[in-house]
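Inspection log for the structure reproduced underneath, given as structure tokens.
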Amino acid sequence: MRKILLSCSFLFIFSLILGCSSADTTARQEHITVGIAADFDYLNPLLMQLSLSREVCSLIYPTLVKPSYNDEAGNIEFLPSAAESWEFSSDGTRATFHLKESTLWEDGTPLTSHDFAYSYRLYAHPEIASTRQHYLDDLLRTPQGGIDFEQGVLTPDDHTLVLNFRHPMAPDIILDHFNDLMPVARHLFEQIPPDDIRMRASEIPVTGAGPFKVREWIRQQKLVLESNPRSTLPRPAATTYMSFIIVPEYTTRLTMLKSGQLDAVISAGGINPKDVEELASANPEIIIRPVKDRYFDSIVWLNIDGEHYRQTGKVRPHPLFGSPDVRKAMTYAIDRQSIIDGFMGPEHADIVNTSLSPAYASLAYTPEERYEYSPETATELLRQAGWVPGPDGILQNNGRKFSFSLAAPVGNPRRNYAATIVQQNLRDIGIDCSLNIDENLIFLKNQNEFRYDAALSGLAAETLPFQLIIWGSDFKNRPFNSSAFQNAELDRVIARLSTPQSKTERLRDWRRYQEILHEYQPRTFLYYYDELEGFNSRVQNVEVNLLSTLYNAYDWELR
């Protein structure tokens, strides 16, 4: 009976890819199907937050430039995209971009500098509440303190975009940040009051200029992309269709990949490392492509009292995790190597104590204390903080039990495995930790609203400029700072790293950046891991790298 049910579920999911028609067999040769664990949050760059949503949006919408990771040099270079060239003033306060004249939105309307300028105003709009609005903070300011869009963003003609900054900016910061501010079509969005954009997100058509356009999106089921024949960014996609099929259960995704119903399985951990050896022998047509040094997992300890903050807007320390010494104790208490050995294997993960990727080895800070697994040290730190065993063996402090729920997203076997190890490790030292597994979008919403005391989550933190927006004491406008960590010195370090620096100054500040995170442990940083993406060998021209799994998806073809 179980086999019959599974077979029926496969047939149902597969029928979602194209529907039923006599042309299905032919169309399948022009249709790449990709299995993912959870739906996208938004396909609107103003609103998106999930890393996979960002990757797909970069295939639909224009971007100023195209980042490229140089493996040999260990750095990121920027290539032309909507902008064919650019230059910076010698004092670092101005950037000028020259746009291609041939770029069209998918409805045939020309893409102009006015689309970018208009979109930047939307990104800054408080009701839209974009997670990327702070990218605009460095633009010129009005005397009242707001962003001066009249002088900060100039459009001398349809194909020239000029950005003026209130202080010197490092070129790579400008390129990274404004590249992430993908524009929307001004001629369409002008018809929608900005206050309504978030509320009406599901009904606003997705109109882009990239190599793909949206053919169909059925929430919680599938997203079908279609090659955009008008695209010059860089060209129309090589394959006619690419579908992302939502399959929450990992074993089902894997079985569909083995059977050929899916051409690839990506995201949410990709392929479990323990399955790689069996795939190599039983399914040699499946190729494993590792995305290295891009993703980290961590336990986000809420540094503030979330309920008090939601009710009053005021900050006070979290009753459990407001103390850095308690957060250090949590890190000592967790056997990170056990998680790696039991799930990924030591060849596929590196323990870290900050958010910085191991890809940037030249900037690495190596502390004397590595927070290696030590329940004894954890217990002593907690005792010094006033936490002692109660009658039932659970730690307590002034009558309060050390009891909380650890949240994690559904459909991610690696994080679910890690959560069970963490739960047992904490129980071993007298902490009552229950598990709460939530649907992905609910998980993201609750974390953004500081509703979880602790959450096992992660980030794709591939670029150094992105590291500078993960943290910031103004956490209301820094949504990736989901621990609500505040540190004035770290704010100053981040500000300096955003400006032009000498190599010596840059190295000094990046190491201090890591040192502060190591010292205060706003999260327990678990590990950077290799996400192993699975592809059928019939998918050709695939390049995955530090920057993106879908880096060149417009070049993918079926053999």
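Just so you know, these numbers use all the heavy atoms, side chains as well, and skip hydrogens, waters and symmetry mates.
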Going from [atom1] on [X] to [atom2] on [Y], what distance comes out if it is rounded to the nearest 0.5 angstrom?
{"X": "Leu136", "Y": "Leu181", "atom1": "CG", "atom2": "CG", "result": "5.5 Å"}
{"X": "Ile340", "Y": "Tyr417", "atom1": "CD1", "atom2": "OH", "result": "11.0 Å"}
{"X": "Leu320", "Y": "Asp305", "atom1": "CG", "atom2": "CG", "result": "10.0 Å"}

Heavy-atom pair of closest approach, residues [X] and [Y]:
{"X": "Phe78", "Y": "Asp176", "answer": "CZ-N, 4.0 Å"}
{"X": "Lys476", "Y": "Tyr309", "answer": "CB-OH, 3.8 Å"}
{"X": "Ser482", "Y": "Leu302", "answer": "O-CD1, 3.8 Å"}
{"X": "Asn440", "Y": "Pro409", "answer": "OD1-CB, 3.5 Å"}
{"X": "Trp387", "Y": "Arg400", "answer": "CZ3-O, 3.2 Å"}
{"X": "Leu262", "Y": "Thr33", "answer": "CA-OG1, 3.3 Å"}

Residues [X] and [Y]: side-chain donor-acceptor under 3.5 angstrom:
{"X": "Asn416", "Y": "Tyr250", "answer": "no"}
{"X": "Glu285", "Y": "Asn536", "answer": "no"}
{"X": "Tyr373", "Y": "Gln337", "answer": "no"}
{"X": "Thr331", "Y": "Gln521", "answer": "yes"}
{"X": "Tyr452", "Y": "Asn446", "answer": "yes"}
{"X": "Asp41", "Y": "Ser53", "answer": "yes"}
{"X": "Gln424", "Y": "Asp335", "answer": "no"}
{"X": "Asp293", "Y": "Ser357", "answer": "no"}
{"X": "Arg414", "Y": "Tyr529", "answer": "yes"}
{"X": "Asn487", "Y": "Trp471", "answer": "no"}

Are the side chain of [X] and the backbone of [Y] linked by a donor-acceptor contact shorter than 3.5 Å?
{"X": "Asp509", "Y": "Val493", "result": "no"}
{"X": "Gln514", "Y": "Tyr365", "result": "yes"}
{"X": "Arg523", "Y": "Ser457", "result": "no"}
{"X": "Ser498", "Y": "Ile494", "result": "yes"}
{"X": "Asn44", "Y": "Ala201", "result": "no"}
{"X": "Arg478", "Y": "Ser473", "result": "no"}
{"X": "Gln467", "Y": "Ser355", "result": "yes"}
{"X": "Gln384", "Y": "Leu381", "result": "no"}
{"X": "His134", "Y": "Asn477", "result": "yes"}
{"X": "Arg511", "Y": "Ala364", "result": "yes"}

Notebook entry, point to check: Are any of the side-chain heavy atoms of Phe404 and Leu406 separated by less than 4.5 Å?
Noted result: yes
Basic-acidic side-chain contact under 4.0 Å: [X], [Y]:
{"X": "Lys328", "Y": "Glu519", "value": "no"}
{"X": "Glu515", "Y": "Arg512", "value": "yes"}
{"X": "Lys401", "Y": "Asp392", "value": "yes"}

Is it true that atom [atom1] of [X] has more than 12 heavy atoms of other residues, nucleotides or ligands lying nearer than 6.0 Å?
{"X": "Gln220", "atom1": "CD", "result": "yes"}
{"X": "Arg370", "atom1": "CZ", "result": "no"}
{"X": "Glu307", "atom1": "CD", "result": "no"}

Next item on the list: Would you check, one step at a time, whether the test side chain to side chain contact (heavy atoms under 4.5 Å, CB included) holds for Leu547 with Thr463?
Entry: CA-CA 8 Å; Leu547 295 171; Thr463 72; 3.9 Å; yes
Notebook entry, point to check: Can you name the one residue among Tyr360, Phe480, Phe296 that meets ring-ring contact (aromatic ring centres under 6.0 Å, His included) with Phe466?
Noted result: Phe480
Check: Do the numbers put Lys292 on top of the ring of Tyr528, so that NZ or CZ is under 6.0 Å from the six-membered ring centre and no more than 45° off the axis?
Finding: no
Check: Any chance the rings of His518 and Phe525 have centres within less than 6.0 Å?
Finding: no
Note to self: Check for me whether the distance between the ring centres of Phe475 and Phe450 falls short of 6.0 Å.
What the structure shows: yes
Next item on the list: Under the side-chain hydrogen bond (donor to acceptor under 3.5 Å, both in side chains) rule, what do Ser483 and Asn481 come out as? Steps first, then yes or no, please.
Entry: CA-CA 5 Å; Ser483 60; Asn481 183 4; 3.3 Å; yes
Note to self: Does Arg289 form a salt bridge (Lys or Arg N to Asp or Glu O under 4.0 Å) with Glu533? I'd like the steps, not just the answer.
What the structure shows: CA-CA 5 Å; Arg289 301 182 186 276; Glu533 318 290 25; over 6 Å; no
